[in-house]
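Below: one structure, written as C-alpha cells.
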Amino acid sequence: EKTKHKDGSSEKHKDKHKDRDKEKRKEEKNKSSGDVKIKKEKENGFSSPPRIKDEPDEDGYYASPKEDSKPLKRPREEDDEDYKPKKIKTEDIKKSKKRKQEEEEDNKSKKTKSKDKRAPEGDNKKKKQKKEEEQKWKWWEEERYPEGIKWKFLEHKGPVFAPPYEPLPENVKFYYDGKVMKLSPKAEEVATFFAKMLDHEYTTKDIFRKNFFKDWRKEMTSEEKSTITNLSKCDFTQMSQYFKAQSEARKQMSKEEKQKIKEENERLLKEYGFCIMDNHKERIANFKIEPPGLFRGRGNHPKMGMLKRRIMPEDIIINCSKDSKVPPPPPGHKWKEVRHDNKVTWLVSWTENIQGSIKYIMLNPSSRIKGEKDWQKYETARRLKKCVDKIRNQYREDWKSKEMKVRQRAVALYFIDKLALRAGNEKEEGETADTVGCCSLRVEHINLHPELDGQEYMVEFDFLGKDSIRYYNKVPVEKRVFKNLQLFMENKQPEDDLFDRLNTSILNKHLQDLMEGLTAKVFRTYNASITLQQQLKELTTPDDNIPAKILSYNRANRAVAILCNHQRAPPKTFEKSMMNLQTKIDAKKDQLADARRELKIWLPKKKAVQRIEEQLMKLEVQATDREENKQIALGTSKLNYLDPRISVAWCKKWGIPVEKIYNKTQREKFAWAIDMAEDDYEF
DNA sequence: GCGCGAACTTAGCACGATACAG
DNA sequence: CTGTATCGTGCTAAGTTCGCGC
C-alpha cells in the first residue's frame, strides 16, 4: 500500500518544471563527451571502493604504534568531550552522550606530552622572534575553543574597495544608430563592462543581452533612456579596441613599471591582507571587494548579463572584537554596521545584488580557523569509516521497506555512497541554472537498461551537476535498486522528481541518527579519501623511482577525481603540448642511442647512459600523466576531499619529498597534516 | 516540518607569474 | 635575452548545512 505514490504528486511536479527547455539543457555542456566517458567507464571499478578491504581491523586501527611518540595534544574527539559539559544547548548534550558511547576509544592512546605550548593566551613567545614564531605556530597543538566560539580577539583593517571608475578618454567614441553619442559617466561605466566582453560568445546570447540592456537602462539619464532603445544599434567597437590596446600596453610595460605595480600590490597585501586573531597574525583570503561588472553565472544561467553593482562602504558590515581598533571607513563614508560577533568567522560582509545573497571576507585556508574545520571534516569521515558497513547494511535492508519514502531514501543514499553524488538541494527556478544533485534528480536524468553492454540492471545517468558540469555514467546496480527505480518512475513525467518523497533535509536528518555529524557530503569525503588510500596501496611499486611513484600517486588522485566527477576543459594548447613532449622524447631516444654506441667504445660513459635513460623515463612518465589528465582536474579533490595525512604518510613511507605532491600554498594549508602524520598513518 | 537566511565549503576558469626553450 | 608553455593564484559562483521563526 504505502509504496504507492501519493495522488497528485506527479501533477505538482509537472507544474513545477513545465517550462523548462530540455533541449537547451542537453546542449549546454557537451564538452564532457569522448575521452572522459571512456575513462570513466574504464575506471569505474574505483567508483565503489572495495568494501571488504576497508574494514577497520579491530585492534590495530584506533591506536597506531607511532602515536605515542607524537606530541599530539588535541585529539579532536576527546577535546569535544571536554567541552561538551560546558554547553547549554540540550541538543548538544544529547549528541555528546551518543558520541561518548560510540567512540570513546578513538585517539585514546594519544598522550598530551609536550609542555611548552599549552597556554593559548600568548605567553613568553609573544615578543621574541615574533615573525618566526608566527610562521611556525602550531595551532593544532593547542586547545580548541568550546563549540560555537570562533575567536576572542579580532582586529583587521577592513576591505579594499574596487578602484573607482576612470572615464574614457574623449577620443574613444560610442555610437548609437551610427551617430556619435557621449554617455553620462554612469551609463558609460556600464557600457564599458559590456564592451570588455564583446569577444565572448555570451554577449550574443539573448538572455545575456536582455538582462544587460535592462540593467544598463537603469543607469542611464532620462535622455539616454529615450534615445537608446535597442542594444543592437549600439556600437561598442571603439571602446572594445581601446581596452584591448590598454591590456596590450600593460603587457608591454617596462620592468620598472611592472615592479612598481608589484610593490603596490605587496603594500596592499601587507596592510589589508592580514588580521590579528587571538594573538596571531593570520592571512585573509579575499580582502578585496569584488569589482562591479556584468554577472556571468555558470551554465545556462537566467541572470547572465545582469549588472553586478559597485559595493560601497555603506553596504559593508564590519565584524571585529569590541576591544579592537575598528577599521575606519573611507573618508566621507560610513559603514553599514559594525558588529562584534565571535560566533562567526567572517571579518566583513555585504549583500550582493544578483541573488541577494551575502558575501564574506574570511581567512586563508592556512589559518587556524579554517584548518581546524578541515581537520575536523576528515575526522568525521574517519568516524564514518567505522560504521559505514552498518549503514550500508541498513540501507540495503531499507530497499525492501514498506514505506516509499524509506525506500527512496535508501536508494538515494546508495547513489551518494556508491557514486559520490552531491546531496542535491532544491533550487529556486528562474534564479539559477538548472542543475541537480542526488535528491533533486528527475526522471529524465536516468535511463534504465535491464541489460546493457553485457551487464544486467544498468542505470545510465546524464545530468548537469554543480557548475553545470555534466555527469554521465553507466553503472550496474543491484536488482533491488533497479526494481525500486522502476517503481519510483512509474506514472511520472520526465520532468518529475525521481525521489518525490525525499529532500536533503529528510536525508540528512536520517543520517544524523545513524552517526553524529553525518551528512550527505561526508560520504564524498570518506569515499574520496578511502579510495586514495586504497589506490595508493595498490598502485605504488616499491622498486619504482621517484617520477614513477609520483605517476602512481597522480593516478590514485585521478581515480578520486573521476569518482567525484572533477572535470576540466581540455587545455587549449593540449594537443600542441603533447606533441612538444613527444618531440622531446624522440630527441632523448636519439641521444640515448648515441650514448650507447659510444659506450661500447668507451666504458666510463656508463653513467651518462644511465642519466639519459632516467631522463627519458621521466619524460615518458610525464607524457603518460598528461595524457591521462586531459580533462580531469586533480586540484579540487586534492584540496577538498583527500585527507592530507594519507598523502603525507605516503610521501614519508616512500621517501618522496612532500614538495612533489603539494606546492607552497598547499603545504601551508596542510601544515597540520605534514606536521602530524607519520608514515603509518591510516585514514 | 517547512521556508528561509546565514555561514561556510567546494568549484572551474582566467590570467598573471614563473620556468623553460630557442 | 625573449617568447612561449606551464603552473599557481585569485576570483567569485555554486553548492551544503544549520538554525531560527513560524
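Chain A is the first sequence line, chain B the second, and so forth, proteins listed ahead of strands; every chain is numbered from 1.
- Side chains of R296(A) and Y202(A): no donor on one and acceptor on the other come within 3.5 Å.
- The CG-P distance, from L518(A) to dC18(C), rounds to 10 Å in whole Å.
- Both Q666(A) and H301(A) lie close to DNA chain C; mapped to their nearest nucleotides by heavy-atom distance, the more 5′-ward contact belongs to Q666(A).
- Partners of F670(A) by ring-ring contact (aromatic ring centres under 6.0 Å, His included), not counting sequence neighbours, listed by chain and number: Y662(A).
- Remark: the E352(A) side chain and the S357(A) side chain contain an N/O donor-acceptor pair separated by less than 3.5 Å.
- Along DNA chain C, the nucleotide nearest P291(A) and the nucleotide nearest T665(A) are compared for position; the residue whose nucleotide lies closer to the 5' end is T665(A).
- Spacing between atom NE2 of H566(A) and atom P of dA14(C) amounts to 16 Å, rounded to whole angstrom units.
- Look at CD on E431(A): it is 14 Å from C1' on dA14(C), rounded to the nearest Å.
- Rounded to an integer number of Å, the gap from R422(A) CZ to dT16(C) P is 7 Å.
- Counted by atom type alone, D434(A) and N300(A) present zero donor-acceptor pairs between their side chains at under 3.5 Å.
- A donor and an acceptor atom, one from each side chain of T525(A) and K377(A), are nowhere located under 3.5 Å apart.
- Distance CD (E290(A)) to C1' (dT12(C)): 5 Å, rounded to an integer number of Å.
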Going 5' to 3' through nucleotides 4-9 of chain B and flagging B where a protein heavy-atom sits under 4.0 Å of the base, S where only the sugar-phosphate is that close, and - otherwise, we get --SBBS
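- Atom-to-atom, CD1 of I284(A) to P of dG10(C) comes out at 13 Å; the value is rounded to the nearest Å.
- A residue-by-residue look at K669(A) and K509(A) shows that K509(A) has its nearest nucleotide of DNA chain B further toward the 5' end.
- Taking the ring centroids of Y272(A) and H156(A), they lie at or beyond the 6.0 Å cut-off.
- Note: CG (N503(A)) to C1' (dT17(C)) measures 13 Å, nearest angstrom.
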Go along nucleotides 16-22 of chain B 5' to 3' and tag each nucleotide: B for a protein heavy atom under 4.0 Å from its base, S when only backbone or sugar atoms are that close, - otherwise.
--S--S-
